[in-house]
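Okay, structure first, notes after.
Computed from heavy atoms alone, side chains included, the values below leave out hydrogens, waters and symmetry copies. Just so you know, these numbers come straight off a predicted model, no measurement behind them.
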Amino acid sequence: MLSYEDALARLLAACEPVPPLDLPLAEATGLTLAEDLIARLTQPPFPSSAMDGYAVRWADMPGPWRVVGESAAGRGFAGEVGAGETARIFTGAPLPQGADTVIVQEEVRREGDLLTLTGEGPPRVGAHIRVAGKDFSAGERLIAAGTRLSPQHLGLAAASGHGSLSIRRPRVAIIATGDELVPPGAVPQMDQIVSSNGVMLAALLRAAGAEVRDLGIFPDNLDAIAKGLSAAGNADLIVTIGGASVGDHDLVQAALMDAGAALDFWKVAIKPGKPLIAGSLGRARVLGLPGNPVSAFVCAVLFALPMLARMAGSTNADPVTTARLLAPLPANGNRRDHLRARLTADGVRAFDAQDSSMLGVLAGANALIIRPEGAPAVEAGTDVPVLALDRVFATP
């Protein structure tokens with residue numbers, strides 16, 4: 001069996017960034033930027049007021065002034081503020097020619113066109129003015145290539161003159177196998193179970209920024225699985241679920257070989273999950289996950305997500321951190337373990353039940369405690385490595 005580190009290194013070495021495509025801003029949330037975003041505009045494009053008040057010349061302080069016009073957002077004052085003159089100004093409005101300072105409206109009194117100072121006035125020349133380019137200037141690099149795009153990034157892109165972005169979005173096809181499976185919502189017979197893996201993994205991979213097609217359930221026969229592989233089309237990553245071992249009904253490896261796939265390895269020294277198929281079919285990478293739901297999920301987090309990040313050219317941080325253990329853990333065996341756990345501000349605690357079939361425990365977990373191969377027993381209060389699932393799911 002390969003170690004986790006060796007398996008991941010081999011998987012990532014075989015992945016390359018997918019070609020970029022242009023998408024409208026509204027469709028780019030959570031996707032990875034393919035090239036540096038360069039500002040096309042300057043923001044603010046002109047000196048503007050940060051407050052409601054009056055635009056004056058600092059040299060004319062402390063007044064009084066004669067009001068000669070008004071500057072509002074989208075409707076600036078076309079004239080010029082001269083000696084002893086002022087213009088009413090509103091937040092975001094262009095600063096009129098001649099003015100260099102803004103007095104806030106709470107510190108003046110206006111009677112007709114006469115304005116007098118009633119408060120202390122502005123503290124300095126240029127007070128309450130946003131200079132042109134205070135936020136950014138045309139030609140400036142605003143977002144680096146490889147960044148997963150958050151809603152804030154999209155706002156910045158829009159303000160800087162972009163209506164679309166060059167992104168990388170890997171395409172994934174999911175193929176579930178098993179005679180015992182029925183779709184979600186169907187009533188299983190006495191020898192059947194509901195297929196939960198497809199919808200769970202599709203959601204996980206979409207959250208990572210992939211374009212996902214769930215091709216459905218295929219029975220345990222070579223012809224059916226071959227049809228599923230053929231339906232994967234132009235996928236960058238084909239994810240199979242179930243049939244990854246070598247039992248009489250585990251046919252995914254054989255179907256892949258019949259289809260002309262090149263297989264790299266199929267066992268990794270981890271828990272949950274040991275049978276894991278890695279290879280390629282044409283230009284697509286293939287990742288065969290175990291059928292056990294918790295094993296499938298954990299293996300997807302450990303391997304599919306880093307593969308997608310490499311395909312997207314992502315530079316985002318690793319979700320592994322450390323946390324204080326709230327209850328002791330026994331020594332670990334010869335496979336790296338990933339204990340379902342609850343992470344809070346106080347620390348992290350593994351669930352008592354760790355059976356890899358228990359979706360209820362997985363749904364209650366927001367972290368995986370990582371236990372290296374052969375790790376000794378640890379006491380409460382020890383810092384342990386933790387993979388924070390909230391960071392995996394979160395939109396950047």
Side-chain angles (χ1 to χ4, degrees), residues 2 4-18 30-32 148 168-177 195-215 228-229 232 234-244 252 256 261 263-268 270-281 283-314 316-320 336 338 340 356 362 365 368 370 387-394 396:
L2 284 177
Y4 160 77
E5 291 80 7
D6 287 345
L8 181 60
R10 283 163 69 161
L11 285 168
L12 295 182
C15 293
E16 295 181 352
V18 300
L31 305 184
T32 300
R148 282 193 68 202
R168 298 187 195 274
R169 182 172 61 183
R171 295 164 297 193
V172 180
I174 297 178
I175 299 169
T177 67
S195 176
S196 57
N197 285 335
V199 66
M200 175 174 64
L201 296 181
L204 174 68
L205 302 183
R206 286 192 184 105
E211 178 184 329
V212 180
R213 289 185 298 140
D214 185 351
L215 299 180
L229 294 173
N234 62 354
D236 301 300
L237 175 63
I238 300 172
V239 175
T240 65
I241 309 169
V252 171
L256 284 166
L263 299 186
D264 186 6
F265 60 86
W266 69 275
K267 285 197 294 186
V268 182
I270 61 171
K271 292 172 57 181
K274 178 174 70 173
L276 185 86
I277 299 172
S280 60
L281 180 59
R283 57 170 298 279
R285 300 302 304 163
V286 175
L287 187 67
L289 303 177
N292 208 312
V294 178
S295 299
F297 179 86
V298 171
C299 287
V301 168
L302 295 179
F303 298 110
L305 296 189
M307 292 175 72
L308 290 177
R310 177 65 59 90
M311 291 177 177
S314 174
N316 281 19
D318 191 327
V320 174
R336 169 176 155 140
H338 305 84
R340 278 68 73 200
S356 60
L362 181 63
L368 302 175
I370 299 172
L387 194 156
L389 295 176
D390 289 352
R391 292 176 63 184
V392 169
F393 305 144

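No option in L204, N292, N197 other than L204 meets the side-chain contact (heavy atoms from CB on, under 4.5 Å) test with F297.
At distances below 3.5 Å, at least one donor-acceptor pair connects side-chain atoms of R168 with backbone N or O atoms of V18. R310 places no side-chain N or O within 3.5 Å of a backbone atom of L305 that could act as its donor or acceptor partner. Judged by distance alone, the side chain of R213 and the main-chain N or O of A232 form a donor-acceptor pair under 3.5 Å. Between the side chain of T177 and the backbone N or O of I241, at least one donor-acceptor pair lies under 3.5 Å. The backbone N or O of N234 sits less than 3.5 Å from a side-chain atom of R171, completing a donor-acceptor pair.
You'll find the side chain of P170 stays beyond 4.5 Å of the side chain of L237, heavy atoms only. Counting heavy atoms from C-beta on, the side chains of V268 and L302 never come closer than 4.5 Å. Counting heavy atoms from C-beta on, the side chains of L11 and P306 never come closer than 4.5 Å. By the 4.5 Å heavy-atom criterion applied to side chains, L8 and M307 are not counted as neighbours. A 4.5 Å side-chain heavy-atom check between V172 and I238 finds every atom pair outside the cut-off. Side-chain contact check for H338 versus V301: every heavy-atom pair is 4.5 Å or farther apart.
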Taking it one step at a time, do L276 and L289 satisfy side chain to side chain contact (heavy atoms under 4.5 Å, CB included)?
CA-CA 5 Å; L276 185 86; L289 303 177; 3.6 Å; yes
Please lay out, stage by stage, how Y4 and I370 fare under the test side chain to side chain contact (heavy atoms under 4.5 Å, CB included).
CA-CA 11 Å; Y4 160 77; I370 299 172; over 6 Å; no
Chi angles and distances behind the side chain to side chain contact (heavy atoms under 4.5 Å, CB included) call for D264, I277:
CA-CA 8 Å; D264 186 6; I277 299 172; over 6 Å; no
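Counting non-hydrogen atoms of other residues, nucleotides and ligands closer than 6.0 Å to CD of E16 gives a total of 12 or fewer.
Pairs passing the salt bridge (charged side-chain N to carboxylate O under 4.0 Å, His left out) check and including a residue from residues 200-211, sequence neighbours excluded, read R169-E211.
In this structure, A296 and P290 approach most closely via the heavy-atom pair CB-O, 3.3 Å.
Within the model, atoms CZ of F303 and CD1 of I270 stand 4.0 Å from one another, a figure rounded to the nearest 0.5 Å.
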